[in-house]
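Below: one structure, written as structure tokens.
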Amino acid sequence: MKIILLGAPGAGKGTQAEKISKKFGIPTISTGFIIRNAIANETEVGKVAKGYIDKGQLVPDEVVTNILMERISNEDCKDGFILDGYPRTIAQGESLDDNNIKIDYVIDLVVPDEVILGRLTGRRECSKCGRTYHIVDNKPSVEGICDACGGELICRKDDNPETIKNRLEVYHSQTEPLEKFYTDKGLLCKVIGQDSVDGTYAEVLKVLEA
Ligand code: AP5
């Protein structure tokens with residue numbers, strides 16, 4: 001099963017991806033997490049990406065597409081995967097088609113911009129495995145420590161109000177056109193992402209198990 005999760009920054013893509021991954025036994029591929037690791041490890045890709053990610057801009061299509069194609073060629077993706085954060089432009093959507101990657105579901109998590117700010121400023125991310133938490137709505141069992149791997153929870157550098165505003169603008173101008181792209185292919189399923197994490201997941205499951 002190959003799934004794309006679309007949605008604005010902070011719509012809950014990573015949170016829902018984790019649950020879907022557990023249930024269906026397929027890996028989540030977060031291009032954002034891969035890029036942040038590349039930056040932390042000061043790789044060539046990380047050096048190119050840093051200037052973009054810090055400003056809330058998209059990393060160039062070619063760079064991200066190369067990262068994605070390499071990742072999905074791994075053995076653990078042979079039965080499917082969940083794409084969290086890719087595609088983000090029409091060109092990226094076309095790259096999936098050009099590489100004969102047949103997507104089964106595109107789930108678009110719909111959350112209004114007003115809700116996003118509170119979600120992202122309260123988010124904490126595991127520095128080791130990337131699992132996300134929220135200081136009010138989705139707390140870890142022990143403050144500051146990841147339930148899954150024991151890693152330290154950190155505040156993402158791009159989760160500050162000014163960068164969030166840029167990320168939302170970029171989302172509306174460059175990523176939202178993918179809604180029509182996938183509607184035209186008969187693949188888009190909108191899910192209201194404003195409910196609780198579990199309430200949203202119940203709606204996601206309705207799509208995947210229909
Ligand atoms: P990326 O890491 O993909 O960030 P994003 O799309 O901005 O998405 P987020 O991770 O911020 O949000 P999310 O939807 O996963 O929400 P989450 O589940 O964490 O990308 C970062 C950067 O990398 C980009 O800006 C770009 O520069 C670059 N990049 C990445 N991919 C790229 C690509 N393909 N092309 C070009 N550049 C690329 O939830 C958010 C918070 O809300 C959490 O605290 C969570 O606990 C909480 N929450 C979630 N659901 C609920 C709920 N239902 N109720 C209450 N709280 C909730």
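Each ligand, and each atom within it, is numbered from 1 in the order the structure gives. For reference, positions follow the sequence shown, starting with 1.
Using a 3.5 Å distance cut-off with no hydrogens or angles, the side chains of D195 and T200 do not pair a donor with an acceptor. Between D84 and T28, the side chains place no donor N or O within less than 3.5 Å of an acceptor N or O (distance only, hydrogens not considered). In this model, a donor atom of one side chain and an acceptor atom of the other lie less than 3.5 Å apart for T65 and Y86. In summary, the side chains of S95 and D98 do not present any donor paired with an acceptor at a separation below 3.5 Å, with no hydrogens or angles considered.
Heavy-atom proximity to V197, at under 4.0 Å, picks out these atoms of ligand 1: 50 (N), 51 (C), 52 (C), 53 (N). Shown in contact with G10 at under 4.0 Å from a heavy atom are these atoms of ligand 1, numbered in order with element: 8 (O), 9 (P), 11 (O), 12 (O), 13 (P), 14 (O), 16 (O), 40 (C). Short contacts between ligand 1 and G14, defined as distances under 4.0 Å to a heavy atom of the residue, involve ligand atoms 13 (P), 15 (O), 18 (O). Distances below 4.0 Å separate heavy atoms of T132 from the following atoms of ligand 1: 18 (O), 19 (O). Taking every non-hydrogen atom of D195 and a distance limit under 4.0 Å, the qualifying atoms of ligand 1 come out as 52 (C), 53 (N), 54 (N). Residue D137 has at least one heavy-atom neighbour below 4.0 Å for each of these atoms of ligand 1: 55 (C), 56 (N).
Of all protein heavy atoms, the one closest to atom 35 (N) of ligand 1 is Q92 NE2, 2.9 Å. With respect to atom 33 (C) of ligand 1, the closest heavy atom belonging to the protein is R88 CD, 3.3 Å. For atom 48 (N) of ligand 1, the nearest protein heavy atom (residue, atom name, distance) is R119 CD, 4.0 Å. Nearest to atom 49 (C) of ligand 1 among the protein's heavy atoms is T15 OG1, 3.4 Å. Nearest protein heavy-atom contact of atom 44 (O) of ligand 1 is Y133 O, 2.6 Å. Protein heavy atom in closest approach to atom 22 (C) of ligand 1: I53 CG1, 3.4 Å. In this structure, atom 26 (C) of ligand 1 lies nearest to the protein heavy atom Q57 O, 3.5 Å. In this structure, the protein non-hydrogen atom closest to atom 29 (N) of ligand 1 is I35 CD1, 3.7 Å.
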* **side chain to side chain contact (heavy atoms under 4.5 Å, CB included) between L68 and T31, worked out** => CA-CA 7 Å; L68 182 85; T31 40; 4.2 Å; yes
* **Steps toward side chain to side chain contact (heavy atoms under 4.5 Å, CB included) verdict (I35, Y52)** => CA-CA 11 Å; I35 294 168; Y52 295 96; over 6 Å; no
* Let me see the working for E176 and R88 under salt bridge (Lys or Arg N to Asp or Glu O under 4.0 Å), right down to the final yes or no. => CA-CA 8 Å; E176 230 164 37; R88 267 179 143 99; over 6 Å; no
* To do: For salt bridge (Lys or Arg N to Asp or Glu O under 4.0 Å), just list the numbers for E18 and R131, CA-CA rounded to whole Å, side-chain angles, deciding distance to a tenth of an Å, and then say yes or no.
  => CA-CA 8 Å; E18 189 197 329; R131 184 170 175 179; 3.0 Å; yes
* To do: Walk me through it: do L6 and L109 pass the test side chain to side chain contact (heavy atoms under 4.5 Å, CB included)?
  => CA-CA 6 Å; L6 278 184; L109 295 170; over 6 Å; no
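Taking any N or O of S30, backbone or side chain, none lies under 3.5 Å from an N or O belonging to ligand 1. Taking any N or O of V64, backbone or side chain, none lies under 3.5 Å from an N or O belonging to ligand 1. In terms of polar-atom proximity, defined here as any N/O pair under 3.5 Å, R36 does make such a contact with ligand 1. Taking distance alone, with nitrogen or oxygen atoms compared against 3.5 Å, G85 approaches ligand 1 more closely than that limit. Considering backbone and side-chain atoms alike, V59 places an N or O below 3.5 Å from some N or O of ligand 1. For ligand 1, the polar-atom distance check against Y52 finds no nitrogen or oxygen pair separated by under 3.5 Å. Among the atoms of D158, none of the N or O lies under 3.5 angstrom from an N or O of ligand 1. Taking any N or O of F33, backbone or side chain, none lies under 3.5 Å from an N or O belonging to ligand 1. For the pair G12 and ligand 1, the shortest N or O to N or O distance falls below 3.5 Å. Polar contact with ligand 1: present for T31 (N/O pair, distance under 3.5 Å).
Geometrically, K185 engages F181 in a cation-pi contact, judged by NZ or CZ lying under 6.0 Å from the ring centre and within 45° of the ring axis.
Proximity of a side-chain donor or acceptor of N160 to a complementary backbone N or O of T163 within less than 3.5 Å is detected. Here the side chain of D158 pairs no donor or acceptor atom with the backbone of D54 at under 3.5 angstrom. N138 contributes no side-chain N or O that, together with a main-chain N or O of I135, makes up a donor-acceptor pair within less than 3.5 Å.
Contact annotation: the side chain of I34 never approaches that of N37 to less than 4.5 Å [non-hydrogen atoms, C-beta and beyond].
Among R123, R36, R119, K165, the single residue meeting the salt bridge (Lys or Arg N to Asp or Glu O under 4.0 Å) criterion with D159 is R123.
In this structure, A8 has a heavy atom closer than 4.0 Å to ligand 1. Residue R156 places a heavy atom less than 4.0 Å from ligand 1. Distances shorter than 4.0 angstrom occur between a heavy atom of S196 and an atom of ligand 1.
The option with the heavy atom closest to atom 46 (O) of ligand 1, from among D61, N138, T163, D159, is N138.
The shortest non-hydrogen separation linking I39 to A49 is CD1-C, 4.3 Å.
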